[in-house]
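Reckoned from all heavy atoms, side chains included, excluding hydrogens, waters and symmetry mates. Note that the structure is predicted; figures quoted are calculated from it, not measured. Counting from 1, the numbers follow the sequence of the chain as shown.
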Amino acid sequence: MRWSQMHIPTLRENPAEADAPSHQLLLRAGFIRQLMAGHYSLLPLAVRVRSKIITIIREEMTAIGAQEFSLPAMHPAAVWRRSGRWDAMGEEMFRLKDRKGAELTLGMTHEEIFTSLATELKSYRELPQTWYQFQTKFRDEPRAKGGLLRTREFTMKDSYSFDLTQEGLDRSFDLHREAYLRIFARLGIPAIPVEASSGSMGGAASTEFMCPAEAGEDFVVHCPSCGYAANSERAASRLAAIADGPGLPAPEPFDTPGVRTIDDLASRFDAPAERQVKTLVHVLDGQLSLVLLRGDHALAEQKLADAGGVGTVRPARPEEIREALGALPGSLGAVGVTSVTILADEALRGRRDMFTGANEDGVHLRGVDVERDIAVSRWTDLREVTSGEPCVRCERPLQVQKAIETGHIFKLGHTYSDAFDLTVLDADGRPRKVVMGCYGIGIERSMAAAVECHHDDKGIVWPMAIAPFEAVVVVAQPDDGATAAAGEKVYRQLLAAGVDTIIDDRSERVGVKFRDAELVGIPLRVTVGSRGLANGAVELTERASDETRRIPLAEIAVEVRGAVDSAGQSRDRRQPTAPRP
C-alpha cells in the first residue's frame, strides 16, 4: 500500500470530545470517526487491525474444533419471549416493528438463535458441538463513551458449546478459557481471568477477562500474593471480627434532628459507621425491597440483582419509600418491618448493639440486635470489596484497580435448553437435555484495549500481530529520483519477504512523515534517505524502543523479516494448541 493513496486523516490535536487515551489516539491517527454517540465508522487502518484480530481469534477457535456460522442480526420477538429475555433485557434492547406490525429486535446477543438451530441435533453421537460467529451486536447503552470502549453497535465473536453432560461443559469451558488466554497473549492484551457475575445471561458460573487500564469502567479485585481475582460485582473478602457489647433488651428510640447521613449519625451521636445498619430501598423487578448493609460498606448492585434473581434493579423513589416505611432516607430502618422482602449483607449476621433508623423522620434506634429485631428474608453477600481488605483465600491485602472487560465466558447449563426444549437421545435412547456454554470477545473493544496498553506521548505503539502494517518505508526525499527508486526497491523487497508494508511516498517533509508513522503506531520504520544511501545504508527504527540502527541496503529485507519474527507473533510461531478430541 502507498500512504499517498490511503485515507489516513491524521489530526495534530486531541479532539475535545475524546477522553480515554484510546479514543483520542484512534481519532487522531485516522482509525475511526464518530457518526453519532456510540456509533463509529472504521477507516482503512482500523479495518486492517480488526481483520488481524479476527484472524487470530478464528485460528484459535478452529484449533479447539469450533465451526463458524453467520446468523441474522435482526431477530423476531418470539424467540426472545420464549427465553423470557424480551422483558428482562429492558431498555438496552433496540426494538422495532416491520411494515406488517411484527415485533423485532436488533440482536444484543445470539443465545436464542443458536439454541434454535441446535434443536436439529438428535443424538448424543453428534455432541460435543462448538459453534461461533463474528456478528454485529446492538445495545442501547445509556452512557456510550470512551470511543470503542462502550458503544451501541459493535462486533463480537460469540461462541456456543453443546454437551451431553456437566463434565462435557466443564471441558468446553476450559478449552475456551485456555483459547482466550492464548488469544489475548497474541493480541498483546494483558487480560486477567476473574470470577464474574453471569447477569442477564443466566447460568451457574462465568469468567471475565479483564485488562487493567485507567480508562476501564469495571473494577477488578485481586490478590498479588495468591492470585485470587474477581470482578467487583462478584468479589469477596474476609472482614475482621468485631466484638459487640451485650446491647439492650429491646431497641431504644432517640431523637436525631437533622441527621441525614451515616456520617451525621457517627459524628453527632457517637455511632461509628461500622456499628450502623444502613437501610437502602430498591425495586427488584417491580417489587420494593429493603437492602441492609453495614454503615461503612457500599452496595454492589449486581450482587443485589444476582441475590434477588432479578433482571432490573433501581433505587426506590422518595414517594415509594414514604408510602412503604413512613419516612424518608436518613431515618430508615428494618426493625419491625414485615411487609416487604429484606435482604441483609453477611457482615451484619450476628451483630448486636447496632444503630439504625426508626422509620420516623428525625428518630433513630440504638441497641439493635440484627437477628433478633429484624425479620431478614435472605442473608447474602451484597457489599463492595475495597482495597486493603484481607483476601478471602490467603488473608493478604487485596488490591482494586480499574479494568476493561475484553472477554466473558459463561456456563449456561440448561437455561436455554429448558426454554427451547433442546434434547438429544442418549445411548439408551432416552431424551437428555443438552448443557450449554457461551463465550464472547468484543472485537473493537479489544482494539481499543490494545491501544490503552500500548501508547506513549507520540501515539499508538501497536503489537506486531495486530498493527495495521508491520513496517513503513519512509522515503526522505521523494523528489530525488535515486532516493525514490531506492525506496521503491526496499518496499518491493519487504513485500517479497512477506512483511506487511506501506511506503510513505508523499511529498511531505520527513519530520511530518516520522510524526505520522509514530502516531499511527507502525512497529518498524525503514528510512531511505540520500545521506544513508551514499554509504549504502538505510535506517531501521523500532517504534516501541525508539532505537535506530543503520542497516546495509542489501540486508534490510532480512533484518526486517527477522524483527517481525522475533516479536513472536507470526502465525507459524504461535504456541501449538491441542485439538479437541
Indicate the atoms forming the closest heavy-atom contact of I503 with G487, along with that distance.
-> CD1-O, 3.7 Å

Short side-chain to backbone donor-acceptor contact, R543 and G521, under 3.5 Å | no

Min side-chain heavy-atom separation M108-R85 under 4.5 Å | no

Determine, stepwise, if the pair E91 / R314 fulfils salt bridge (Lys or Arg N to Asp or Glu O under 4.0 Å).
-> CA-CA 13 Å; E91 294 181 351; R314 66 169 175 84; over 6 Å; no

Can you check whether K458's main-chain N or O pairs, donor with acceptor, with D456's side chain at less than 3.5 Å?
-> yes

Nearest heavy-atom approach of P463 to H454 is CG-CD2, 3.6 Å

Check: T207/R177 side-chain N/O donor and acceptor closer than 3.5 Å = no

Go through the steps to decide whether S232 and E384 satisfy the test side-chain hydrogen bond (donor to acceptor under 3.5 Å, both in side chains), and finish with yes or no.
-> CA-CA 6 Å; S232 61; E384 192 174 83; 5.2 Å; no

Return yes if a side-chain donor-acceptor contact under 3.5 Å exists between S530 and D480, otherwise no.
-> no

How long is the gap from CE on M89 to CZ on R95, to the nearest 0.5 Å?
-> 9.5 Å

Supply the atom-to-atom distance L11 CG to Q24 CD, rounded to the nearest 0.5 angstrom.
-> 11.5 Å

Begin with the C-alpha distance, continue with both residues' side-chain angles, and end with the deciding distance and a verdict on side-chain contact (heavy atoms from CB on, under 4.5 Å) for Q34 and H39.
-> CA-CA 6 Å; Q34 181 174 303; H39 299 264; over 6 Å; no

Distance col, row H176:NE2 vs S159:OG, nearest 0.5 angstrom, shows 3.0 Å

Check whether any side-chain heavy atom of F514 sits under 4.5 Å from a side-chain heavy atom of T527, and report yes or no.
-> yes

Check the pair Y228 / L398 against side-chain contact (heavy atoms from CB on, under 4.5 Å), numbers first and verdict last.
-> CA-CA 9 Å; Y228 169 75; L398 291 167; 4.0 Å; yes

Shortest non-hydrogen pair, I466 vs I56, comes out as CG2-CD1, 4.0 Å

Taking the side chain as C-beta and beyond, is there a heavy-atom pair between T386 and V221 under 4.5 Å?
-> no

Between A29 and T10, what is the shortest heavy-atom contact and its length?
-> O-CG2, 3.9 Å

Should L43 and H7 count as side-chain neighbours, where that means a heavy-atom distance under 4.5 Å?
-> yes

Hey, could you give me the CD1/CG distance between I522 and D504, rounded to the nearest 0.5 Å?
-> 8.5 Å

Over 12 non-hydrogen atoms of neighbours within 6.0 angstrom of CZ in R531 = no

Would you say the side-chain atoms of S237 and R383 include a donor-acceptor pair closer than 3.5 Å?
-> yes

Side-chain (Q135) to main-chain (L71) donor-acceptor, under 3.5 angstrom = yes

Got a second to check how far S507's OG is from D479's CG, nearest 0.5 Å?
-> 4.5 Å

Exam field: side chain Y439 to backbone K157, donor-acceptor pair closer than 3.5 Å | no

Chi angles and distances behind the side-chain contact (heavy atoms from CB on, under 4.5 Å) call for L519, L25 = CA-CA 8 Å; L519 177 60; L25 290 170; 4.1 Å; yes

Say whether, by atom type as modelled, one donor and one acceptor occur between the side chain of T501 and the main chain of V499 under 3.5 angstrom.
-> yes

Tightest non-hydrogen contact, residues V392 and A236, listed as CB-O, 4.0 Å

Relative to the ring of W80, is the ring of H75 parallel (under 30°), tilted (30 to 60°) or perpendicular (over 60°)?
-> parallel

Is a side-chain donor or acceptor of K52 paired with a backbone partner of A467 at a separation under 3.5 angstrom?
-> yes

Can you establish whether the number of heavy atoms outside R396 located under 6.0 Å from its atom CZ is more than 12?
-> no

Which distance, rounded to the nearest 0.5 Å, do you find between the CG of L540 and the CZ of R549?
-> 5.0 Å

Going through the checks in order, is the ring-ring contact (aromatic ring centres under 6.0 Å, His included) test met by F31 and W462?
-> CA-CA 13 Å; F31 283 77; W462 286 109; 5.6 Å; yes

So, do H110 and Y160 sit near enough that their side-chain heavy atoms are less than 4.5 Å apart?
-> yes

Are M210 and N231 side-chain neighbours, meaning at least one heavy-atom pair lies under 4.5 Å?
-> yes

Given side chains that start at C-beta, do those of Q302 and R234 come closer than 4.5 Å, heavy atoms only?
-> no

List the steps and the verdict of side-chain contact (heavy atoms from CB on, under 4.5 Å) for V473 and W3.
-> CA-CA 10 Å; V473 175; W3 203 300; over 6 Å; no

Enclosure of R509 CZ (heavy-atom neighbours >12, cutoff 6.0 Å) | no

Would a distance-only check, ignoring hydrogens and angles, find a side-chain to backbone donor-acceptor pair under 3.5 Å from K145 to A20?
-> no

Candidate pair E488 and R492, rule salt bridge (Lys or Arg N to Asp or Glu O under 4.0 Å), full reasoning = CA-CA 6 Å; E488 186 72 21; R492 296 293 176 185; 3.2 Å; yes

Nearest heavy-atom approach of G529 to T483 is CA-CG2, 4.1 Å

Under 3.5 Å, side chain of R152 to main-chain N/O of F138, donor-acceptor pair present?
-> no

Is any side-chain heavy atom of S22 less than 4.5 Å from a side-chain heavy atom of L148?
-> no

Taking Y416 for its side chain and G437 for its backbone only, find out whether a donor-acceptor pair lies under 3.5 Å.
-> no

Heavy-atom donor-acceptor pair, S51 side chain to V47 backbone, under 3.5 Å = no

